[in-house]
Amino acid sequence: MPYALPRSRELQNAYNKQLRQAYASTRRVEPPDHDPLDEVRELAELHRSGVLTDKEFSAAKANVLALDDDPT
């Protein structure tokens with residue numbers, strides 16, 4: 001059996017889009033709209049500036065990281 005001819009760029013892009021859509025429909029959990037690392041950085045800046053105490057910073061950071069790990 002001979003090799004198939006390569007697809008044009010447009011056909012390959014359409015095929016890739018079709019694969020992404022098919023894969024996205026199988027995801028159980030929506031990807032987060034936010035980056036937890038950015039939230040931790042913001043909390044760290046608030047902590048450095050004195051707005052958050054050590055205890056408040058630790059609790060908020062644990063909350064952000066726990067939400068990221070929660071599969072539900």
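Quick note: numbers below take in every heavy atom, side chains included, and nothing from hydrogens, waters or symmetry partners.
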Shared hydrophobic cluster for Leu65 and Leu43 (ILVMFWY, side-chain gaps under 4.5 Å): yes
From Glu42 atom CD to Glu39 atom CD, the distance as rounded to the nearest 0.5 Å: 6.5 Å
N/O donor-acceptor pair under 3.5 Å between Ser58 side chain and Lys55 backbone: no
Smallest separation among heavy atoms of Leu11 and Arg7, with atom names: CB-CB, 4.2 Å
Closest approach of Leu52 to His47 (non-hydrogen atoms, all atoms of both residues): O-CD2, 3.4 Å
Within one Ile-Leu-Val-Met-Phe-Trp-Tyr cluster: Val51 and Val64, side-chain cutoff 4.5 Å: yes
